[in-house]
Amino acid sequence: DAAKMTMECSAILTLLLAGYLAQQYLPMPTPKVIGVDLGTTYCSVGVFLPGTGQVKVIPDESGHNSIPSIVSFTEGDIYVGYDGLELADSNPQNTVYDAKRFIGKLFTPKELISESRRYPFKIINNKGAAEFSIATNETYNVTPEYIGSQLLLKLKRMSEDYLGMPVSRAVISVPAEFDERQRNYTIKAARLAGLEILRVINEPTAAAMAYGLHKVDVSNVLVVDLGGGTLDVSLLNKQGGMFLTRAMAGNNKLGGQDFNQRLMQYLYDEMHHTYGSLPSKKEEIHRLRQAVEAVKLNLTVHNSSTIRISLTMPQRKDQHEPLKEENKVYILTSLGKKVLFETEISRKLFETLNEDLFEKILVPIKQVLKEGHLHKTEVDEIVLVGGSTRIPRIRKVITEFFGKKPNTSVDPDLAVVIGVAIQAGIVGGSWPLQVSAVEIPNRHLRKTNFI
Ligand SMILES: *[C@@H]1O[C@H](CO)[C@@H](O)[C@H](O)[C@H]1NC(C)=O
Ligand SMILES: *[C@@H]1O[C@H](CO)[C@@H](O)[C@H](O)[C@H]1NC(C)=O
Ligand SMILES: *[C@@H]1O[C@H](CO)[C@@H](O)[C@H](O)[C@H]1NC(C)=O
Ligand SMILES: *[C@@H]1O[C@H](CO)[C@@H](O)[C@H](O)[C@H]1NC(C)=O
Ligand SMILES: CC(=O)N[C@H]1CO[C@H](CO)[C@@H](O)[C@@H]1O
């Protein structure tokens with residue numbers, strides 16, 4: 001009988017093992033809902049993979065994890081993402097970017113005029129809403145939500161190519177400060193792209209979820225999002241598994257471009273010192289800007305980096321004419337000689353050039369703590385979002401202020417899309433824990449801006 005028992009046991013074990021193995025070889029359940037980060041400068045899309053519990057950020061046809069939020073219109077064609085970016089220089093009037101800054105937003109005539117000065121494309125005022133005027137072989141206006149829909153359509157197609165099936169449902173993130181109208185127009189953009197939006201989630205909440213903070217015991221999470229041109233700080237409070245935004249503040253004129261500008265100014269001063277003049281050729285200045293961006297990125301890992309670039313230095317028109325040093329006004333002519341400009345930039349120098357800007361990051365951080373009636377020691381986790389948070393000095397400023405390290409293990413450029421994809425997994429029912437919502441919407445919170 002003992003032998004019979006053993007046989008039965010092993011039969012059961014074999015069945016269990018077979019089941020386990022079969023599960024390994026059965027096709028994975030396919031994600032049904034995609035998560036979309038429709039960013040101001042870049043967008044990305046991801047899915048939650050129920051089999052592994054991981055998020056897959058879906059690449060475009062060239063393998064990029066995110067695509068520029070750019071749409072370029074030509075005779076009879078529309079180019080989106082990197083294809084749109086390629087046309088930005090040759091087709092500037094018909095290449096629209098930053099559309100998210102206009103979506104669902106109403107402006108005074110004066111505001112819209114000052115906004116349109118910043119862009120090479122033409123902005124039209126339609127009863128307070130912005131529209132973009134396109135002039136190819138035909139002339140027409142497109143809305144910010146139409147631009148959004150073209151970006152979303154591209155992300156939808158990338159997902160369909162990756163998953164090998166049609167996709168029609170999504171979760172999307174928006175800035176925490178978006179009001180109901182801006183949220184509605186974002187949903188409208190998705191509808192135009194053939195996507196049904198199952199849930200709209202705040203970007204800081206998504207970033208916190210990318211770190212799994214919805215699953216662990218934390219109450220107060222501070223999210224610092226520092227991108228190319230803006231800083232957004234949000235204080236989240238978790239109540240019964242749900243995130244509530246307690247306070248928001250920011251600086252809409254602080255970001256990576258400002259750090260580049262400081263370095264650029266330093267190089268101009270160096271060139272002026274060495275050659276008595278500055279490069280004036282458009283494509284050389286463009287290459288110099290690219291070199292400055294590369295050096296900044298390099299300095300996040302290395303102690304120093306070298307700029308080496310060949311430039312055409314014009315001769316000064318009048319060697320005796322004094323230069324207005326303090327205003328950085330240099331007098332140039334087009335006659336010039338070719339030089340190889342080479343200079344080493346240390347991380348220390350980069351930090352010194354930007355010291356005051358880096359310190360400014362603490363202003364909105366202090367503001368949200370004040371508005372949230374929280375002492376800095378009560379913040380449980382600090383989450384960093386946006387490429388500029390890779391800068392070691394910025395991490396140090398934040399670490400020193402709180403006396404603890406921020407959470408940095410997730411790629412700061414992908415934290416939002418990863419969080420949205422997790423939320424899409426929850427909404428799509430592929431999350432093991434049956435939580436359906438992770439956010440308490442709040443309607444009356446305003447963001448304080450420091451300029
Ligand atoms: C503009 O060009 C496209 C493609 O070349 C063509 O399909 C369209 O009919 C043209 N429109 C006009 C008004 O000529
Ligand atoms: C947003 O959409 C909802 C649902 O369609 C509607 O009830 C609400 O009035 C809209 N709000 C604004 C400000 O457009
Ligand atoms: C960078 O410089 C710091 C001090 O300035 C030094 O401690 C560190 O070892 C250097 N790192 C490398 C990789 O050279
Ligand atoms: C970064 O700078 C270091 C030091 O100048 C250099 O050795 C390295 O090749 C650079 N890397 C990149 C990716 O530019
Ligand atoms: C500094 C750091 O990494 N902190 C936290 C990041 O988030 C996880 C939760 O997912 C914590 O366990 C870490 O301690």
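None of these values were measured; they are calculated from a predicted model. Just so you know, these numbers use all the heavy atoms, side chains as well, and skip hydrogens, waters and symmetry mates. Whatever order the structure lists them in is the order used to number ligands and atoms, beginning at 1.
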Is there at least one protein heavy-atom neighbour under 4.0 Å from atom 4 (C) of ligand 2?
no
Polar proximity ligand 2 side, R181 side, N/O cut 3.5 Å exclusive
no
To the nearest 0.1 Å, how far is atom 1 (C) of ligand 2 from its closest protein heavy atom, and which atom is that?
N184 ND2, 1.4 Å
List the closest protein heavy-atom neighbour of atom 7 (O) of ligand 2: residue, atom name, distance to the nearest 0.1 Å.
E180 OE2, 4.7 Å
Checking a contact table here: which protein heavy atom is nearest atom 2 (O) of ligand 1, and how many Å away?
N137 ND2, 2.3 Å
Under a 3.5 Å threshold, yes or no: a donor from one side chain and an acceptor from the other, between Y82 and D60?
no
Side chains of Q150 and Y146, donor plus acceptor under 3.5 Å:
yes
Closer than 4.0 Å and a protein heavy atom, does any atom meet both conditions relative to atom 9 (O) of ligand 1?
no
What is the minimum heavy-atom distance between F259 and N354, and which atoms define it?
CA-OD1, 3.3 Å
Checking N298 side chain against A294 main chain: does a donor-acceptor pair fall under 3.5 Å?
no
Going by the order shown, which atoms of ligand 1 are within less than 4.0 Å of some heavy atom of E138?
1 (C), 8 (C), 10 (C), 11 (N), 12 (C), 13 (C)
Side-chain H-bond candidate by donor/acceptor type, S66 with S44, under 3.5 Å:
no
When every non-hydrogen atom of P392 is compared with those of T300, the smallest separation belongs to CG-O, 3.6 Å
